[in-house]
Every structure is written in structure tokens, then in C-alpha cells.
Protein chains: 2
Amino acid sequence: MTIATDTLRRMSTRDRLSQHAARLFAERGYHGTSVADLADALGIRKSSVYSHIGGKEELLAEIALAGADAFHAALDELQGDASPGERLRLAMRAHLSVVNHQLDVATVWLQEWRYLSGPARERFLAERRRYEQRIRTLLRDGVRSGELRTDLDLGHAMLAFLSLGNWAYTWLRQETNVDHAADAFWALLRDGMAPR
Amino acid sequence: MTIATDTLRRMSTRDRLSQHAARLFAERGYHGTSVADLADALGIRKSSVYSHIGGKEELLAEIALAGADAFHAALDELQGDASPGERLRLAMRAHLSVVNHQLDVATVWLQEWRYLSGPARERFLAERRRYEQRIRTLLRDGVRSGELRTDLDLGHAMLAFLSLGNWAYTWLRQETNVDHAADAFWALLRDGMAPR
DNA sequence: CCTACCGATCGGTAGG
DNA sequence: CCTACCGATCGGTAGG
């Protein structure tokens, strides 16, 4: 997400550090971004960055978990009274919306997390598994309601759903109408490419 | 692809260098892999690596273009006498087969290419566009044959097909039956998740 | 948030 | 493929 200059000025140095770190990790990769690059983005000395963080990997962990928060929060807002099929359409909208509006954080969540180690890595993987389970549950509910076929393989269906949602970080652009794209993707997954 | 030790011994140093570079770039990322890491993998000194390459980025370019070769070659082997719908099923098999059997090269092709610069980057992007066009043509042929719906959005359909194929590098494992997974994916894309 | 500094490592070259 | 070496940069610390 692009942040206006006056908004950045009002943010705390710590928050600006996270913003810039997400952007640079997404653009150049975690290993392609130095602490000096982060300091330059903030207009301070490299050593001063360590007044705000314990180490570089701490930033990576924070951003990866911010990605977890964003994707889970988007699912939380789904209408509980909509049909399961409808909720799946809205889930695709929610997912693509996070990818589009928080592309930096989403890119770290999708790609750079692999450089995490220790407990932060375990926490990340747990959040990702939980997200996958939530999508799987929505699909299962769709089968139960009769909107999806009874012989649907939930594992493959979940992988397909998330493949469409996740790979979007490679081609989504600011000007893309994400709701339109999400509806088209869900319609494709639901109805298939063959004539009905 | 895992290479047997005796096979590695029979390969030229240059070829072993490419093998190890693909593996390390895929595992640790391009910026997370040093020339010293490559030298260690070969059991030689860092400076000796430069007897074989002009620079680190040259290896990245070579591996990324090897990915292009692998994906295009897999498509080349498609049966021309099969129906377009059947060719799409085989194209998904071909794509997943490359991802599974050349996971290192595929990972560089899918992820690490973004650290390419200059002409190598342009060549990569041209190959990727050409690959996307080949998939799009297969889909168009499917519409023409009547196997796919006439109102199919070829852009979204191509993105969906490649999303399933590309994201597979994150979850495919050696023991996965890729032909089975590819057939399941293509059946899902063709018939959809809703009952027919 | 600064100056000053640390040992280790970076990609790469010279010359054999 | 080696020894020896280059200047630049790495993540990080001490002490103010």
C-alpha cells in the first residue's frame, strides 16, 4: 500500500521502519535489503535502527505475522448469513483485496517468510495452516449446502482456491478491479471452463 | 531434482556448479547464497569459481533460462492429434512434471528471476510471455472445438491455469503423484466445483 | 539518534 | 585450481 508523505510524517519512527521494511523486503528480498538500506529510507544512521529493533529478523517476523493478521481479519468480516457458496466468493474478494491493498505485507507473507527461523517460523506456519483450514471449512460447508458437488476433493479444491488467490501477487496491479477479478475467479472455479 | 553422487562425479565442474547454484538459489535465495557457498559445495576455493563464470548473476541468468527451456520443452512434447481439451490436461501434467522433477530450476524460474537485470531479464520476460501465450492458445483452441464455453475469458482462464501450475512449487513433494494431481486440477478447472 | 568501531564476509581480481 | 589480496559492505555493539 502506498502511504502519503504527510501520513508517513505523522507515523512513529517504529511504524515507518516497519512500512519501509515491508516495502524493501518485498522489492529486493530479505537478504537483498541491508539494515543500512532501512536506515537510509528513514533518514537516520544504521546504528540508530537498533534503538527500535533487536535485529533484522525481528522485522521479518513482525511483517510476516502482520500478513497473517491481514488475511485472517479479511476472512473474519465475511457475512455469516450468506450461503457457503456466496461466502466463498466473498472470501476470494477478501483474499485478493489484501494482496492488492497490502501488496508488500502479502509478498512477505507469501515469499520472504521462508527466511524466518526458530519460534517465529513455527508461529508463521501455524497461522498459515489455520488459514488453509478456514478455506477448507468454507468449501466443506459448500458441499454440505449442496452448492458444491458431493465428490469434491477438499484438499485439491483448497489448493486450487489458494493457488488462484496467492499467485495473484505476481500479476495484480493497482489499477486492477480486484472485486471483478475475484468474482471472475470464483465463477471459474465454481462453474468450470466447459459449457454447462 | 536430486542427483546421485556418482552422477555428480561424472559431470563437468561447470555443470556441477550450475546444479549446486540452482539448488542453493532455490533453498536460500540468490542474495542468500554467496560465491563462497558455491565454492564450498564444489570443494574448491572461491576464486576458482571465477574460472568458470564471469560473475554470480551469470549463473542466475543461466538457470532462469534453463527453466524456460524445461517448461517449453515439456509443452513441445504434447500430442498434436489429441483434442484441445485433452492437450490442456496434458499441458497441466507437463507443467507439474517440470515443477516436480526440476524443482530447483522451477523455483528460480518462478521466484529468483526478479533479481536479474539488463538483457537477461528481458530475455526471461520474453520467454515467460511466450509460455503464457502458448497456454492461452491451447485455451482458445478448446473454445473453438466446443470443449470450453464460448464466453470464456481467456485472460482469466490463463491466469487460473498458470496459478494452479505455478503455485505447486510451494506444496509439491517428491512422493506426490504429479499426473494424478494434474488430472485432478484440470478436471476441477474444466468441470468446476458445483454439481453438474 | 549520534560517532566510532567490531570481526566477518561480500563479489571479485591479479598473477601464477 | 591455487595463494594472496582488494575495497566495500554486512549485521551488530559500545558508549554517549
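Worth saying up front: this structure is predicted, and the values here are computed from it rather than measured. Chain naming here is simple, since letters A, B, ... match the order of the sequence lines and numbering starts at 1 in each.
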Seminar exercise, completed: Here the distance between atom C1' of dT9(C) and atom NZ of Lys56(A), to the nearest Å, is 13 Å
For this session: Could you tell me whether His52(A) contacts a base, only the sugar-phosphate backbone, or nothing, with contacts defined as non-hydrogen atoms closer than 4.0 Å?
Result: sugar-phosphate
Exercise. Quick one: does His101(B)'s side chain have a donor or acceptor within less than 3.5 Å of a partner on Ser97(B)'s backbone?
Worked result: yes
For this session: Whole angstrom is fine here: how far is it from CD in Glu58(A) over to C1' in dG12(D)?
Result: 13 Å
Distances under 3.5 Å between nitrogen or oxygen atoms of protein and nucleotides 13-15 of chain D:
none

Exercise. Quick one: is dC10(D) close enough that its OP1 or OP2 comes under 4.0 Å of any side-chain N or O from Ser34(A)?
Worked result: yes
For this session: Would you verify whether the NZ or CZ of Arg128(A) falls within 45 degrees of the ring axis of Trp109(A) while also being under 6.0 Å from that six-membered ring's centre?
Result: no
Exercise. Can you check the Leu17(B) CG to dG11(C) P distance for me, whole Å?
Worked result: 13 Å
Exercise. Is any side-chain heavy atom of Asp191(A) less than 4.5 Å from a side-chain heavy atom of Arg149(B)?
Worked result: yes
For this session: Return yes if some donor-acceptor pair links the side-chain N/O of Glu58(B) with the main-chain N/O of Gly54(B) below 3.5 Å, else return no.
Result: yes
Exercise. Within 45 degrees of the axis of the six-membered ring of Trp186(B) and under 6.0 Å from its centre: does Arg93(B) put its NZ or CZ there?
Worked result: no
Exercise. Should we count CZ of Arg14(B) as having more than 12 external heavy atoms under 6.0 Å?
Worked result: yes
Seminar exercise, completed: Here the distance between atom P of dC2(D) and atom CD1 of Ile44(B), to the nearest Å, is 6 Å
For this session: Using a heavy-atom cut-off of under 4.0 Å over every strand shown, decide if Ser51(A) touches base, sugar-phosphate, or nothing.
Result: base
Problem set entry | Neighbour count >12 (heavy atoms, 6.0 Å) for atom CZ, Arg173(B) | no
Seminar exercise, completed: Note on DNA chain C: ranges paired as stems (three or more Watson-Crick/G-U pairs in a row, both atom distances under 3.5 Å) are C:1-16 with D:1-16
Exercise. Does the ring centre of His31(B) sit less than 6.0 Å away from the ring centre of Phe25(B)?
Worked result: no
Exercise. When the distance from CZ of Arg28(A) to C1' of dC10(D) is rounded to whole Å, what number comes out?
Worked result: 15 Å
Exercise. CG of Leu42(B) versus C1' of dC2(D): gap in Å, rounded?
Worked result: 15 Å
Problem set entry | Interatomic distance, Arg45(B) CZ vs dG12(C) P [rounded to whole Å] | 19 Å
Exercise. Would you say the side chain of Trp113(A) lies within less than 4.5 Å of the side chain of Leu60(A), judging by non-hydrogen atoms?
Worked result: no
Problem set entry | Atom-to-atom span, CG of Asp37(B) to P of dG12(C) - whole angstrom | 14 Å
